[in-house]
Trainee: 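Input: one structure, supplied below.
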Amino acid sequence: MLARHAEDLFWIGRYLERAEDTARMLDVTYHGVLEAGSERQPAELWSELLEVLFLDDEVDGFDASAGDAVGRLLIVDRTFSGSICSLVGRARENARTTREWLSSEVWEAINELHLRLSRIDLELAAQTRPYDTLRMVRSGIQSATGAVDASMPRGEGHRFFVVGQRLERAMITSRQLRVWRRRVGGFTSPAAYAEWVKLLRSVSAYEAYLREHRASMEGGRVLQFLLQSPDLPRSVLHCLGACELMMTSMASENYGIESRRRAGRIRAEVEFAEPGELADPLFLERLEEQVVELASLVEEDYFRPGPSIIMHAFEAF
Amino acid sequence: MGMLGSYLGRGFCEMATEDGKPRDHYRRLYDRLDQFAADDLESRVQLIESLFRRQGITFAVYGSDEGTERTWPLDLVPRIIPSAEWEHVQAGLTQRITALNAFLEDLYVGEQAAINDGVVPRWLVESSEGYVPEAVGIRVPSGARCVVSGIDLVRDDAGAYCVLEDNLRVPSGISYVLENRVAMTRVLPVAFGRYRVRPVGHYGASLLRSLRAISPPGSSDPTVVVLTPGVFNSAYFEHAFLARQMGVELVEGRDLVVDDHVVYMRTTRGLARVDVIYRRVGDEWLDPVSFRSDSMLGVPGLLSAVRMGTVTLANAVGNGVADDKAIYPFVPAMISYYLGESPILPNVTTYLPWEPDQRSFVLDNIDRLVTKPVAEAGGYGIVIGPKADALTLEAAAAAIEANPRGYIAQDVVQLSTHPTWVGGGFAPRHIDLRPFVLSSDTVEVIPGGLTRVALREGSLIVNSSQGGGSKDTWVLVED
């Protein structure tokens, strides 16, 4: 498989995952702000959202006090690379150049979402009916990822898509944990019930948590659940396990050794960490760094064969 | 009276004789179309459009404001070519491609015998934009330089097929031939079922076979790739389509790398050797080391690998000299010179302004002739004398006087017409035909080809970039 195609598919996975997570987190933040009352400033909630999305540096100086402005930025602003519209647009661009690896159903789902986002008056919709708009985005992405699951052969193309998707998800979940941990002052302190609920909702894990632990909301348990649950599709362990599985089936004697080894090590560190280790603030920080490193190892192992191209010649593209 | 009852052709009509009766080979189609009501036909037109748009069968129009992706209208009425007529065309195309290939072989790796014997003027060859001095001495397996060619044919007012131009570099349109056929069998299944039509769906397999046949010696299981300039090229759909049909990789320049005169593609398993490149990138963009250093589409060092014979390019480098419009008038002489045969398909009468006598004739009669720049493609720069205003003619004359080598002039050929669905009824529209010829160790002409139709009334320009459409082209198994 061409390295460029593999990389494009990897990024389709990442873009779609990121757009879906952005939609979910925005939804939670919107409603969190409504319920915040006097305890927390809306501006604080919005800037935390930007931090989780790794966007706090990029939008330096952005006035996050107005929720509408953040919503507009993250949903409709095409000049901003982190907006849902931009992410879906880039996924579609990549899909155009990798059509032969995607089933028609996947292409049509991505294309349709892109066209819908371009067609409606998104700015107005995002302002007046954020819930509907974000739900439309989420279900559009889920129909694309559902088509990937239901119609793509389990070859290299599918594997790179999944690796991209799960790495992005692991990054976002671990980052969320770190930011939330700071917000409620450490995981062992008796935290506000509402904060934990919001965190769980933003990774679609609230119902699963209730079934597992009843309504006893406790920081340590939430942390453990989102990091180590073997069953939860957005837990860090689950994401890393999926990556490791894909990398194991791709790696051979000569290729993909480093990224496979690293995936296995990080997965084991998460899986077998003791509750005390998890509570160490450094653990989450290190985890985040390791996942980012893993993504660059995948790029080195699979996407950069041969001598490097002269980059300045291609920047003009 | 049915939909076709009042139809009147103009010029040579493909479907009907002068008394308005359908020719024998059109009778079954005529009867079928005549049964339809207008709204039924209209709904079938809609079906074609929606089939194409959903699948993304679109092309990009350069310099157009209304967005970048457009579908190319496929007309509802197919063109039918009887078997005997096609045998004649096929023999003429095979002959022409064989001679053109021989000329290129002679020019680049032979003794340049045709030039030395005065068949083609040397200065004309060497001043051609398509002539590539760097290609002199570069051998091609089986001498196959014109692996994929598209020869544009027209029919004059007596119905005789003539060659209008040769396309020996990167001719496009074959994807429409295949897609049109698929669409037509869905839209007019009953009419299609009344004929035995020669199939075209095997093109991908034939192309792959032709390309593998010219791989460098020693490669037992050659790897073929399609090289595209990228997703922004107007023919990107076709490039992706052909790669899919052949089951090979569609690569861009940045996917390839040359190491020690061998071409590799960058895969997830490291570098993989490439043996044959079906390139849809023009000569000047192939290799920034040898040609344009600003090319970002090309592969540094590619030409050196080609010269070493470790990789084969299809089509070969430097073919543009043979489809230069100023060289075109010499093709009949090439056929006689190399093959000792007389041309089966004639050229259109052509005047060469660089010859003083012909130049004054052209300038005196510019309002009755068609003038064309020799290096343009896609119908750009063509001036049709009888239809042009005085200002345009003046500009054309001035351009010819300033650069006589850069233009040719031709008699106006009243292209044949074909009933075409326009604005809710059938109307005569001018058509041409671009058959595709595969030529490697053997020559194969794909039955039919791309029939292009000028959708504007009276227009003689059929190019997709100039408001043309296309028709499915049925070559019959027997008459």
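Letters A, B, ... mirror the listed sequences (proteins, then strands); counts begin at 1.
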Trainee: Do you know the tightest heavy-atom contact between B/Leu250 and A/Glu100?
Mentor: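 Closest pair (atom of B/Leu250, atom of A/Glu100, distance): CB-OE2, 3.7 Å.
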Trainee: Considering all heavy atoms of both residues, which atom of A/Trp101 and which atom of B/Glu249 are nearest to each other, and what is their separation?
Mentor: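 Closest pair (atom of A/Trp101, atom of B/Glu249, distance): CZ2-OE2, 4.1 Å.
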Trainee: Of the backbone (N, CA, C, O) and the side chain (C-beta and beyond), which part of B/Val225 lies under 4.5 Å from a heavy atom of chain A, both, or neither?
Mentor: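 Contact with chain A is absent: no heavy atom of B/Val225 under 4.5 Å.
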Trainee: Counting neighbours of CD on A/Glu105 that are heavy atoms of other residues, nucleotides or ligands and sit closer than 6.0 Å, is the number greater than 12?
Mentor: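 For A/Glu105, atom CD is not crowded (no more than 12 foreign heavy atoms under 6.0 Å).
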Trainee: Does A/Arg78 CZ have over 12 foreign heavy atoms under 6.0 Å away?
Mentor: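 Atom CZ in A/Arg78 is crowded, with more than 12 foreign heavy atoms closer than 6.0 Å.
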Trainee: Quick one: what part of B/Tyr236 sits under 4.5 Å from any heavy atom of chain A, side chain, backbone, both or neither?
Mentor: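 Looking at B/Tyr236, just its side chain touches chain A.
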Trainee: So which heavy atom on A/Pro305 is nearest to which on B/Gly270, and how close?
Mentor: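 Taking A/Pro305 first and B/Gly270 second, the nearest heavy atoms are CB-CA, 3.8 Å.
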Trainee: Assess whether atom CZ of A/Arg135 is packed by more than 12 heavy atoms of other residues, nucleotides or ligands within 6.0 Å.
Mentor: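 Incorrect, the count does not exceed 12.
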Trainee: Please output the residues of residues 154-167 of chain A in contact with chain B, using a heavy-atom cutoff of under 4.5 Å, in numerical order.
Mentor: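 Result: A/Glu156, A/Phe160.
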Trainee: Measuring from A/Asn254:CG to B/Arg269:CZ, what's the distance to the nearest 0.5 Å?
Mentor: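 The distance works out to 9.5 Å.
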Trainee: Is there a side-chain contact between A/Arg96 and B/Val231, using heavy atoms and a 4.5 Å cut-off?
Mentor: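 Yes. Closest side-chain heavy atoms under 4.5 Å.
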Trainee: Of all residues at least two apart in sequence or in a different chain, which pass the salt bridge (Lys or Arg N to Asp or Glu O under 4.0 Å) check with A/Arg90?
Mentor: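 Partners of A/Arg90 under the salt bridge (Lys or Arg N to Asp or Glu O under 4.0 Å) test: none.
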Trainee: Once rounded to the nearest 0.5 Å, what's the spacing between atom OG1 of B/Thr267 and atom CG of A/Leu2?
Mentor: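 Between B/Thr267 OG1 and A/Leu2 CG, I get 7.5 Å after rounding to 0.5 Å.
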Trainee: State whether the number of non-hydrogen atoms from other residues, nucleotides or ligands found under 6.0 Å of A/Gln142 atom CD is greater than 12.
Mentor: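 Correct, the count exceeds 12.
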Trainee: Does B/Glu129, at its CD atom, have more than 12 non-hydrogen atoms belonging to other residues, nucleotides or ligands within less than 6.0 Å?
Mentor: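 Not more than 12 within 6.0 Å, no.
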Trainee: Could you tell me the separation between the CE atom of A/Met250 and the OG1 atom of B/Thr268, rounded to the nearest 0.5 Å?
Mentor: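 The CE atom of A/Met250 sits 8.0 Å away from the OG1 atom of B/Thr268.
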Trainee: Using heavy-atom distances under 4.5 Å, tell me whether B/Arg244 contacts chain A through its side chain, its backbone, both, or neither.
Mentor: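 Only the side chain of B/Arg244 comes within 4.5 Å of chain A.
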Trainee: When rounded to the nearest 0.5 angstrom, what distance separates CZ in A/Arg4 from CZ in B/Arg254?
Mentor: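 CZ of B/Arg254 is found 5.0 Å from CZ of A/Arg4.
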